[in-house]
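These numbers come from a predicted model, not from an experiment. Every chain is numbered from 1, with letters handed out A, B, ... down the list of sequences. Only this structure's heavy atoms are used, side chains among them; waters, hydrogens and symmetry mates stay out.
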Amino acid sequence: MAVQYNNASLATYRLDLLTPPDFNFWRTAYSHGWCDLPPFNHNVEERTLDRILRLSDGLIIACRLRGSSRHVHLRISSARHLTEQSRREIRTQIRSCLRLDEDISAFHTAARRYHHFRWVARAGAGRLLRAPTVFEDIVKMICTTNCSWALTKTMVINISREFGDPCAAGGWAFPRPDQLAGSTERVLRQRCKTGYRAPFLLGFAELVASGKLPVETWRRSSLSTPELYKSVCSVKGVGPYAAGNIVRLLGRYDYLALDSWVRKKFAELHTRGRKVKDSTIERAFARYGEWRGLFFWLEMTHEWHHEKFVA
DNA sequence: GCGTCCAGGTCTACC
DNA sequence: GGTAGACCTGGACGC
């Protein structure tokens, strides 16, 4: 679902975001599968990341992001004039997606202590792409559980198309909680292919839309990580794997978020393919303390960084 | 082409 | 606290 830029009625704007010295655009954009799920899209050859954003006045715009040494360059397609307020919102949302305001210098300092992780700081790795909203991250994470990546993509595309608002440049904005809450289990099952996850997604959207579950406050929560993890686990359909990944996107890295893929990858890297208990994996990474979830993910995806990210 | 089996996380009921 | 079975889809496999 590529964003189209050939509509003559669209105005094009350009914005530049200054980035921290320890930031690498493409390693962040391609840090995990989110770049592959709409309303994100990406182009590996051109190293661009596309994103459809919803602004507070209801305007839906398309952005194409490209990185350089100290900037992220945005090309924005909009059907309406972009006010200064709109531009501020776009900057804020993209900065949040790319974690530009997250200080990971302590992580890079820790990484330099380990020979096999020295590449991390040199490469500017460690920031994980996230959605503009916690709501979107959690809906997508539920859609990753207990299925193939192809089915996850199908679910997310269908949810966006069924409930999201169309973008003039092509594609859809991700639906708001109230838009998803207005659905039914039947529609989610049959048209979105979410299967047994339908009541989980509907219940979650209803709680967020009603204000009973203020998930957007979780990114600035003062709760300890175990307390925050417990809150995330309280969402029906979110278990240890999904919660571990969600708290990473909230900026907490104490959980490994084990799923079948990383278990297999760990076995390949450490035990010649022999399966090991989860507790063995936990013990192996315990020494990395509060950053163990991030060290773990970067080790599991080390090949990506060396095969796909050589600058 | 059809039927069967299996993988993939989480929930609930039960022990 | 631990375990078994159900949930749903799509891919692999055998016929």
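- Among the atoms of the strands shown, none is found under 4.0 Å from any heavy atom of A:A150.
- Using a 4.0 Å heavy-atom cutoff across all strands shown, A:S148 reaches no nucleic acid atom at all.
- A donor-acceptor contact shorter than 3.5 Å links the side chain of A:T301 to the backbone of A:W297.
- Under 4.0 Å is where a charged nitrogen must lie from a carboxylate oxygen, and between A:D178 and A:R176 at least one such pair does.
- Atom CZ of A:R51 and atom SG of A:C167 lie 11.0 Å apart (nearest 0.5 Å).
- A salt bridge is defined here as a Lys NZ or Arg NE, NH1 or NH2 lying under 4.0 Å from an Asp or Glu carboxylate O, and A:R219 with A:D137 meets this definition.
- Contact check of residues 245-259 of chain A against DNA chain B (heavy atom, cut-off under 4.0 Å) returns A:D259.
- In terms of the side-chain contact (heavy atoms from CB on, under 4.5 Å) criterion, residue partners of A:P177 (sequence neighbours excluded) are, by chain and number, A:F135, A:V208, A:A209.
- A:Y114 pairs in a ring-ring contact (aromatic ring centres under 6.0 Å, His included) with only one of the listed residues (A:W119, A:Y288, A:W291), which is A:Y288.
- Note that CG of A:L98 and CZ of A:R130 are 10.0 Å apart. Values are rounded to the nearest 0.5 Å.
- In the displayed structure, A:H115 atom NE2 is contacted under 6.0 Å by at most 12 heavy atoms of other residues, nucleotides or ligands.
- The existence of a salt bridge linking A:K212 and A:E206 is excluded, since no basic side-chain nitrogen approaches an acidic carboxylate oxygen closer than 4.0 Å.
- For A:E268 and A:K265, the salt-bridge test passes: some basic side-chain N is under 4.0 Å from an acidic carboxylate O.
- Between A:E185 and A:R191 there is no salt bridge, since none of the side-chain N atoms of the basic residue sits less than 4.0 Å from a carboxylate O of the acidic one.
- Interatomic distance, A:L74 CG to A:R87 CZ, rounded to the nearest 0.5 Å: 12.0 Å.
- The CG atom of A:L15 sits 9.5 Å away from the CD1 atom of A:I94 when rounded to the nearest 0.5 Å.
- Along DNA chain B, read 5' to 3', the first and last nucleotides having any atom under 4.0 Å from a heavy atom of chain A are B:dG8 to B:dT12.
- With a 6.0 Å radius and a threshold of 12 heavy atoms from other residues, nucleotides or ligands, A:R272 has its CZ atom at or below the threshold.
- Near DNA chain B, meaning a heavy atom under 4.0 Å away, the residues from residues 234-241 of chain A are A:V235, A:K236, A:G237, A:V238, A:G239, A:P240, A:Y241.
- Close approach of DNA chain C to chain A, defined as any atom under 4.0 Å from a non-hydrogen atom of the protein, starts and stops at C:dC7 to C:dG10.
- Rounding to the nearest 0.5 Å gives a distance of 11.0 Å between OG of A:S86 and CG of A:L53.
- Contacts between residues 194-205 of chain A and DNA chain C, defined by a heavy-atom separation under 4.0 Å, are made by A:G195, A:Y196.
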